[in-house]
Amino acid sequence: MTEQHAFEQVRPVRLYERIVEQVEAAVASGELAPGQRLPSERELVTQFGTSRATVREALRVLESNGVVRSRPGDPNGPEILPFSARGLSKQLRRLARAEELTLAQLLVSRMMLDATANRLAAVLRTDDQLADMEAGIDRMRRALELGYDAFSEADLAFHEAVAVASGNTMIQVSNEVVRDTVLSVIADKIAHARNSKALMRRSLEHHEQVLDAIRSGNGPAAARASVQSLYDYYAGYVPASERHALRALLDA
C-alpha cells in the first residue's frame, strides 16, 4: 500500500473576514481611495447579504487595521484612510506575536534590517540626518552614567535617525517592530545584568564605528559594525544551539 498524504484541517472562515478581504482588496486596487466613504451600515448589510452584527465586526477590524475611520454620530459611512506606517506596524506586531518567533529569529531579522539601513544611510544621508545621528551618539555617551533605560532611549533615537536616512519606510517600520519585540523579551534581563554597563560601553563603541562609516560614506563598514554590535549585545541571551544563524551573518 502506498503511504497516504496527510491533509491539514480546513479552517472555517468567518463571514466578517470575507467583508474585510473585499474592502481591503478594493483599497489595494484603487477602487476605494483615501477620503472616500463606504456605504452606510444598513446599505452594507444589504450589499453583503449578512447581519448587522457581522458588518459591525468587519468594520471594527478594518478600523483596528487602520483602513477606515468611523466617527460617532456621523451619518455618512466609514471614511477610507490613507496608508500609514502605523497601520503596518500594528500588523507586523501581530504577526510577530502570532508566529511565536524565537529570540534568535528576531535577532537575525534585526541584524539584517539594521545592516541594510546602515548601508543605505551611508549613501543617502543628508547633513541634517547625520547631525541627528551624532546627537543620538552624544545622548548615548551621557546616558552611560544614567542607567539602562536612558541608554536604551538614546540608542533608539540613533537607530531611528539611521532608519530615516535610509529613505525606506518599510525598513523603518519593520526595524521598529522587530526592535521593540526583541526588547520586550529581554529588556529586564539586560537592565539587571551584572555586566550591563560593560555591555553598554561596548555597544557605544560599535555605534561610534557605525557613525564614522556612515559619515565617510562606507556602507559595507557601517553594516558590519552594526551586525557585530547587535551580536555582542544580544547573543548571550540566545541559547548556544541557536547562535549559528547569528554567526552566519557575522561571516557574511
Quiz prompt | Residues forming a side chain to side chain donor-acceptor pair (under 3.5 Å) with S51, sequence neighbours excluded | solution =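 Partners of S51 by the side chain to side chain donor-acceptor pair (under 3.5 Å) criterion, ordered by chain and then number, come out as T54.
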Hey, does [Y] have a side-chain heavy atom less than 4.5 Å from the side chain of [X]?
X    : Y    : answer
I19  : L44  : no
E79  : V68  : no
R139 : E153 : yes
R125 : M133 : yes

Are the side chain of [X] and the backbone N or O of [Y] linked by a donor-acceptor pair below 3.5 Å?
X    : Y    : answer
Q36  : A33  : yes
S174 : M170 : yes
Q105 : T102 : yes
S226 : A222 : no
N118 : D114 : yes
S166 : A163 : yes

Looking only at heavy atoms, what is the nearest atom pair of [X] and [Y], with distance?
X    : Y    : answer
S70  : E63  : N-OE2, 3.1 Å
V108 : A245 : CG2-CB, 3.8 Å
R119 : G219 : CG-O, 3.5 Å
A122 : A213 : CB-O, 4.4 Å
A58  : V20  : O-CG2, 3.7 Å
L106 : V178 : O-CG1, 3.3 Å

Quiz item: Should side-chain heavy atoms under 4.5 Å link Ile, Leu, Val, Met, Phe, Trp and Tyr, which residues sit in the same cluster as I171?
Solution: L120, V123, L124
Quiz item: If you link I, L, V, M, F, W and Y whenever their side-chain heavy atoms are under 4.5 Å apart, who else ends up in the same group as V164?
Solution: none
Salt-bridged, [X] to [Y], with N to O below 4.0 Å?
X    : Y    : result
E41  : R56  : yes
E208 : R141 : yes
R60  : E57  : yes
E21  : R18  : yes

Quiz item: Residues in salt bridge (charged side-chain N to carboxylate O under 4.0 Å, His left out) with E145, at least two apart?
Solution: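 Per chain and number, E145 pairs via salt bridge (charged side-chain N to carboxylate O under 4.0 Å, His left out) with K197, R201.
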Quiz prompt | Qualifying residues under salt bridge (charged side-chain N to carboxylate O under 4.0 Å, His left out), relative to R37, sequence neighbours excluded | solution = D74
Any chance you could measure [X], atom [atom1], to [Y], atom [atom2], to the nearest 0.5 Å?
X    : Y    : atom1 : atom2 : result
D155 : I137 : CG    : CD1   : 8.5 Å
L249 : H244 : CG    : NE2   : 11.0 Å
L32  : L38  : CG    : CG    : 6.0 Å
L146 : M200 : CG    : CE    : 9.0 Å
T50  : R14  : OG1   : CZ    : 13.5 Å

Practice problem: Using the side chain to side chain contact (heavy atoms under 4.5 Å, CB included) rule, take M140 and L144 through it: C-alpha gap first, then chi angles, then the decisive distance, then the call. | Solution: CA-CA 6 Å; M140 291 176 72; L144 279 173; over 6 Å; no
Quiz item: Strictly by modelled atom types, are N168 and Q172 linked by a side-chain donor-acceptor pair under 3.5 Å?
Solution: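 Q172 and N168 do not have a side-chain donor-acceptor pair below 3.5 Å.
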Quiz item: Do R243 and Y231 meet the criterion of a side-chain donor-acceptor pair at a distance under 3.5 Å?
Solution: no
Kindly work out whether a path of hydrophobic side-chain contacts (I/L/V/M/F/W/Y, heavy atoms less than 4.5 Å apart) joins [X] to [Y].
X    : Y    : answer
Y234 : L103 : yes
L156 : L107 : no
V61  : V67  : yes
Y233 : V238 : yes
L81  : L59  : no

Quiz item: CZ of R215: more than 12 outside heavy atoms within 6.0 angstrom?
Solution: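 Yes, enclosed.
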Practice problem: Check the pair N65, E24 against side-chain hydrogen bond (donor to acceptor under 3.5 Å, both in side chains), reporting the backbone distance first and the verdict last. | Solution: CA-CA 10 Å; N65 290 350; E24 289 184 338; 3.3 Å; yes
Exercise. Identify the residue among H206, R110, M112, R179 that makes a side chain to side chain contact (heavy atoms under 4.5 Å, CB included) with L230.
Key: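 Among the candidates, only R110 passes.
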Practice problem: For H207, check ring pair (Phe, Tyr, Trp, His ring centres under 6.0 Å) against everything at least two apart and list the hits. | Solution: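 Scan of H207 (ring pair (Phe, Tyr, Trp, His ring centres under 6.0 Å), adjacent residues dropped) gives F158, H159.
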